Undergrad: 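Below: one structure in structure tokens.
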Amino acid sequence: MNKVLLGSESKRSDWILLVAFSIVVLLGPYILAPFGAGYPDLLQRFAIFGIFAIGFNILLGLTGYLSFGHAAFLGVGSYTAVWSFKLLSMNPILALFFAMLLAGVFAVAIGYICLRRAGIYFAILTLAFAQMSYNLAYSVLTPITNGETGLQLSQQDPRAIDALFGRDYGAALPVSDLFGIEMTGYPGFYFCGVILIIAFYISIRIFRSPFGMKLRAIKSNQNRLNYVGINTKPYMLVAFVISGMYAGLAGGLMAVTDPLAGAERMQWTASGEVVLMTILGGAGTLLGPVLGAGIIKYFENIFSAFNEALLMETFSFLPAGLQETLVAVLSLFVGKGWHLTLGIVFMLIVIFLPGGLMEGFRRLVNLFTRPPDQGKSERAPAAQAQPAE
């Protein structure tokens, strides 16, 4: 009976979380406008990298396996989507379907090999595969990826399905469109936002499912599962593939909003970025990776836009000497130096909040919701133990 009540309570909490998340995403242009982040291009980035981080969290947060090669799937998704635009149609549904499919197949091949090792060896293997994928895309597979220039659309592309329906884009290069709605500006953001909400819902279902419980058990003690006769490899491979498909979906969405795919999306730095996003927000939590993705992209786009002229204007009310000193110090942390700010924030989070920003949020909630008596009772044993020491 208690289990039934707890289950229904958990489902209700999940639905409340999903509804709140959907409202925040759909009202993003209005909520983020006061912070200078309410414009479509940045909102699209929030949504796309949120999907990337949610998928990565299914692998890292549930199984504890740290991959440094997920940028490979991001790149595969982008290339596949652009090829879909070139050969078939400018409809993003087809492009995203093939992006997820090919990224999933690629993840099966890489995961099957990498999951033969654990810990640091698994991380290095995934990093090696990502770097090989980058080099293949950059040079060896130039006929498919267009090498250094990147894969782009051209007027001579066949676009067979569009041609079948008599679609003519004229002399201009086409942009992706969903049944006549161009995927640029706010329509592009809302398309990405709806997919982010769906991806978040699927993530909740995975976390609450028996499959998610098995992944948590793998993270807790994989050897014990193996000793009782449970083969953990298929579960980890499925988690790896799902995570890779999320990355492929994010890569496909990048191509939907900007039909261009380059090898730089496969670089190891892109893989490291999603690791930072997940750990910064809170690995193993539902909201943490999305929060981490939003913060890093906000820093990247807002802090990096600050320059000395803007700082001088901001502190123009100060005396000249103090203004120049303050600007000289702050300019080290903004503009080109925004990575320094990000590094400091990341260092503080890891040292003081190992569970990420979500742990800080939980501590704040507990601080204000914990009954006063509970705090006294928790401190009591320590006070009693002191004389014995």
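Just so you know, these numbers come straight off a predicted model, no measurement behind them.
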Undergrad: Which atom pair, heavy atoms only, marks the closest approach of Gly252 to Leu96?
TA: C-CD2, 3.5 Å

Undergrad: Using modelled atom types only, decide if a donor and an acceptor are shared between the side chain of Thr145 and the backbone of Ala137 within a distance under 3.5 Å.
TA: yes

Undergrad: Ignoring hydrogens and angles, write down the donor-acceptor pairs under 3.5 Å from the side chains of residues 60-79, residues two or more places apart or on other chains.
TA:
residue, atom, partner, partner atom, Å
Thr63, OG1, Leu59, O, 2.4
Thr63, OG1, Tyr65, N, 3.2
Tyr65, OH, Gln222, OE1, 3.0
Ser67, OG, Gly69, N, 3.1
Ser67, OG, His70, ND1, 3.0
His70, NE2, Ser243, OG, 2.7
Ser78, OG, Leu74, O, 3.4
Ser78, OG, Gly251, O, 2.8
Ser78, OG, Arg265, NH1, 2.9
Tyr79, OH, Ala263, N, 3.0

Undergrad: List, by chain and number, the other hydrophobic cluster members for Ile120, where Ile, Leu, Val, Met, Phe, Trp and Tyr join if side-chain heavy atoms come within less than 4.5 Å, directly or indirectly.
TA: Tyr121, Ile124

Undergrad: Looking only at atom types and distance, does a side-chain atom of Asn57 sit under 3.5 Å from a main-chain N or O of Ala283, one as donor and one as acceptor?
TA: no

Undergrad: Output the distance between atom CD (Gln44) and atom OG1 (Thr257), rounded to the nearest 0.5 Å.
TA: 5.0 Å

Undergrad: Give a yes or no on whether Phe368 atom CZ has more than 12 heavy-atom contacts from other residues, nucleotides or ligands under 6.0 Å away.
TA: no

Undergrad: Are side-chain heavy atoms of Ile295 and Leu357 found at a separation under 4.5 Å?
TA: yes

Undergrad: With clusters built from Ile, Leu, Val, Met, Phe, Trp and Tyr whose side-chain heavy atoms come within less than 4.5 Å, directly or transitively, what are the remaining members of the cluster of Leu125, listed by chain and number?
TA: none

Undergrad: Answer yes or no: is there a side-chain heavy-atom contact under 4.5 Å between Phe35 and Tyr298?
TA: yes

Undergrad: When you measure from the side chain of Glu148 to the backbone of Tyr138, do you find a donor-acceptor pair of N or O atoms at a distance under 3.5 Å?
TA: no

Undergrad: When the side chains of residues 341-353 are checked against the rest of the protein, which donor-acceptor pairs come out under 3.5 Å, sequence neighbours left out?
TA:
residue, atom, partner, partner atom, Å
Thr341, OG1, Phe333, O, 2.4

Undergrad: Any idea which heavy atoms bring Gly38 and Leu43 closest together, and the distance?
TA: O-CD1, 3.4 Å

Undergrad: Any side-chain heavy atom of Phe49 sitting closer than 4.5 Å to one from Met277?
TA: yes

Undergrad: Report yes if some heavy atom in the side chain of Leu178 is under 4.5 Å from a heavy atom in the side chain of Ile93; otherwise report no.
TA: yes

Undergrad: Working to the nearest 0.5 angstrom, can you tell me the gap between Phe21 CZ and Ile204 CD1?
TA: 8.5 Å

Undergrad: Return yes if some donor-acceptor pair links the side-chain N/O of Asn146 with the main-chain N/O of Thr149 below 3.5 Å, else return no.
TA: no

Undergrad: Taking all atoms of both residues into account, what is the closest heavy-atom pair of Phe207 and Gly284, and its distance?
TA: CE2-O, 3.3 Å

Undergrad: Report yes or no: does Thr126 contribute a side-chain atom to a donor-acceptor pair with the main-chain N or O of Phe122 at less than 3.5 Å?
TA: yes

Undergrad: With heavy-atom distances below 4.5 Å as the criterion, would you say the side chains of Arg362 and Glu359 are in contact?
TA: yes

Undergrad: With sequence neighbours left out, which residue pairs that include part of residues 38-52 fulfil the salt bridge (charged side-chain N to carboxylate O under 4.0 Å, His left out) condition?
TA: none

Undergrad: Scan for side chain to side chain donor-acceptor pair (under 3.5 Å) pairs involving residues 25-40, sequence neighbours excluded, and state none if there are none.
TA: none

Undergrad: Counting distance only, does the side-chain N/O of Ser331 pair as donor-acceptor with the main-chain N or O of Val327 below 3.5 Å?
TA: yes

Undergrad: When rounded to the nearest 0.5 angstrom, what is the spacing between CG in Leu87 and CG in Leu94?
TA: 11.5 Å

Undergrad: With Leu322, which residues qualify under side chain to side chain contact (heavy atoms under 4.5 Å, CB included), at least two apart?
TA: Leu318, Pro319

Undergrad: Could you tell me if the side chain of Phe200 sits less than 4.5 Å from the side chain of Leu287, heavy atoms only?
TA: yes

Undergrad: Name all pairs fulfilling the side chain to side chain donor-acceptor pair (under 3.5 Å) condition that reach into residues 171-189, sequence neighbours left out, sorted by first residue then second.
TA: Arg167-Asp177

Undergrad: Which residue pairs pass the side chain to side chain donor-acceptor pair (under 3.5 Å) test with at least one member in residues 89-106, sequence neighbours excluded?
TA: Ser89-Asp162

Undergrad: State whether the number of non-hydrogen atoms from other residues, nucleotides or ligands found under 6.0 Å of Phe211 atom CZ is greater than 12.
TA: yes

Undergrad: What is the distance from atom CG of Leu173 to atom CG of Leu153, rounded to the nearest 0.5 Å?
TA: 6.5 Å

Undergrad: So for atom CH2, which belongs to Trp268, do other residues, nucleotides or ligands contribute more than 12 heavy atoms lying within a distance under 6.0 Å?
TA: no

Undergrad: From Leu18 CG over to Ile198 CD1, what is the distance, rounded to the nearest 0.5 angstrom?
TA: 10.5 Å

Undergrad: Not counting sequence neighbours, list each pair that qualifies as a salt bridge (charged side-chain N to carboxylate O under 4.0 Å, His left out) and has a residue in residues 73-93.
TA: Lys86-Asp157

Undergrad: Tell me, do Ile218 and Met236 make a side-chain contact under 4.5 Å, heavy atoms counted?
TA: yes

Undergrad: Decide yes or no for Thr142 and Ile144: does some side-chain heavy atom of the first lie under 4.5 Å from some side-chain heavy atom of the second?
TA: no

Undergrad: Once rounded to the nearest 0.5 Å, what's the spacing between atom CE of Met254 and atom CD1 of Ile51?
TA: 10.0 Å

Undergrad: Transitively linked via ILVMFWY side-chain contacts under 4.5 Å: Trp338 with Leu276?
TA: yes

Undergrad: Can you tell me which residue pairs pass the side chain to side chain donor-acceptor pair (under 3.5 Å) test with a partner in residues 189-211, sequence neighbours excluded?
TA: Asp14-Arg208

Undergrad: Around Arg216, counting heavy atoms of other residues, nucleotides and ligands shown, do more than 12 lie under 6.0 Å from its CZ?
TA: yes

Undergrad: Spell out, as yes or no, whether a donor-acceptor pair under 3.5 Å connects the side chain of Ser139 to the backbone of Leu136.
TA: no

Undergrad: If a pair satisfies salt bridge (charged side-chain N to carboxylate O under 4.0 Å, His left out) and one of its residues is in residues 286-302, list it, with sequence neighbours excluded.
TA: Glu273-Lys297, Lys297-Glu300

Undergrad: What are the two closest heavy atoms between Gly292 and Leu280, and how far apart are they?
TA: O-CD2, 4.2 Å

